[in-house]
Number of protein chains: 2
Amino acid sequence: MDDIVIYEFKSQIVKALANPLRLAICAYLLNENSPKCVNHIAKKLNQNQSNISKHLSTLQKEGIVSVEKEANYVRYYIQNKPLLQCFIDAVNGLLEYKIKQHSSVLESITDKDK
Amino acid sequence: MDDIVIYEFKSQIVKALANPLRLAICAYLLNENSPKCVNHIAKKLNQNQSNISKHLSTLQKEGIVSVEKEANYVRYYIQNKPLLQCFIDAVNGLLEYKIKQHSSVLESITDKDK
DNA sequence: TTGACATATTCCAATATTGGAATATACTAA
DNA sequence: TTAGTATATTCCAATATTGGAATATGTCAA
């Protein structure tokens, strides 16, 4: 198709989620029912503060997380939990499917040995 | 969390989809009801053959597409259409949501001018 | 004001991604 | 065999991503 531009925008969203640490941050915030501050998340994920801050910033740029400021704390939360959960579920499904394929290939190989 | 390894695997799947051209390829194959060969896809998307071939290869590595060979043609198709459609739907939702946020911010700015 | 703390940003080097061009491989038909 | 076609791979330079270290910014409390 010619509307490659729209895929550019879509890929920006996907790219924001295409990183193990950012996926871990999302998974953590999805499971919590209150906004969490940067240091808290950093400690939970055993990462340094500046790195987590940067990753949260890229998630925020794509509208995936948002912030709530109080005193000198900045607390992050998932903007649209149901939507992000759909995304995560789809990824989990794709991973499961990929693993199943792998194992069925392995089985067909070992079956031939019989 | 400590199981960063699992997020590594998940991010590999997401990365395979984190590219505008690969999203366009997926969208195209999702809408078709028969496998398509490399040159065909390349022409449809107005891209050169080697580039499309490489992108298809990265999609295949993550189990997103698969091939069917006949003569000197290699035809690609989406492995699990419902799952990939879920992924695409989630991304579309996230993009719509982001755009809505943007426009509501813009509205609140113009409202203040009144 | 000052010091202490939370967060953001900059700098930088290592690594990964990207796409075009050229080349290699594979299959078919004559 | 050869030529022709489809696809895959290699090479390479440009660009993007990544994370740590250092620094900057912002807020509070004394």
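Protein chains get the first letters and strands the later ones, always in sequence-line order, with residue 1 at the start of each. Values in this document were obtained by computation on a predicted structure and should not be read as measured data.
Within a 6.0 Å sphere centred on CZ of Phe9(A), heavy atoms belonging to other residues, nucleotides or ligands number 12 at most. Residue-environment remark: NZ (Lys81(A)) exceeds the threshold of 12 foreign heavy atoms within 6.0 Å.
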For this session: Using a 4.0 Å cut-off on protein heavy atoms (strictly under), produce a 5'-to-3' string for nucleotides 21-30 of chain C with B for base contact, S for backbone-only sugar-phosphate contact, and - for none.
Result: BB----BS--
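Going from atom CG of Leu59(A) over to atom C1' of dT18(D) covers 14 Å, rounded to whole Å. For Lys36(A) and dA6(C), the NZ to P distance is 16 Å, given to the nearest whole Å. Atom P of nucleotide dT18(C) and atom CG of Asn19(B) are separated by 5 Å, given to the nearest angstrom. Distance Lys15(A) NZ to dT15(D) P: 14 Å, rounded to the nearest Å. Ile52(B) places its CD1 atom 13 Å from the C1' atom of dG20(C), with the value rounded to the nearest Å. Taking atom CD1 of Ile41(A) as the reference point, atom C1' of dT7(C) lies 12 Å away to the nearest angstrom. Rounded to an integer number of Å, the gap from CD of Gln12(B) to C1' of dT17(C) is 14 Å. Atom CG in Asn51(B) sits about 19 Å away from atom P in dC12(D), given to the nearest Å.
The phosphate of dA8(C) (OP1 or OP2) has a side-chain N or O of Tyr76(A) nearer than 4.0 angstrom.
For His40(A) and Arg22(B), each mapped to the nucleotide of DNA chain C holding its nearest heavy atom, the one lying further toward the 5' end belongs to His40(A). Nearer to the 5' terminus of DNA chain C, by closest-nucleotide assignment, is the contact made by Val67(A) (compared with the other of His55(B) and Val67(A)).
Counting any heavy atom pair closer than 4.0 Å across all strands shown, Arg75(B) reaches no nucleic acid atom.
With dG20(C), dT18(C), dT9(C) as the candidates, the nucleotide lying closest to the side chain of Ser53(A) is dT9(C). Nearest to the side chain of Val38(B), among dA8(C), dA6(C), dA8(D), sits dA8(D).
Contact annotation: the side chain of Ile41(B) approaches that of Tyr28(B) to within less than 4.5 Å [non-hydrogen atoms, C-beta and beyond].
Using modelled atom types, one finds a donor on one side chain and an acceptor on the other under 3.5 Å when comparing Asp89(B) with Gln85(B). Residues Glu68(B) and Tyr77(B) have side chains that never bring a donor and an acceptor to within less than 3.5 angstrom of each other.
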Exercise. Given Asn46(A) and Ile4(B), is the side-chain contact (heavy atoms from CB on, under 4.5 Å) satisfied, shown in steps?
Worked result: CA-CA 10 Å; Asn46(A) 211 31; Ile4(B) 279 290; over 6 Å; no
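No donor-acceptor pair under 3.5 Å is formed between the side chain of Arg75(B) and the backbone N or O of Val67(B).
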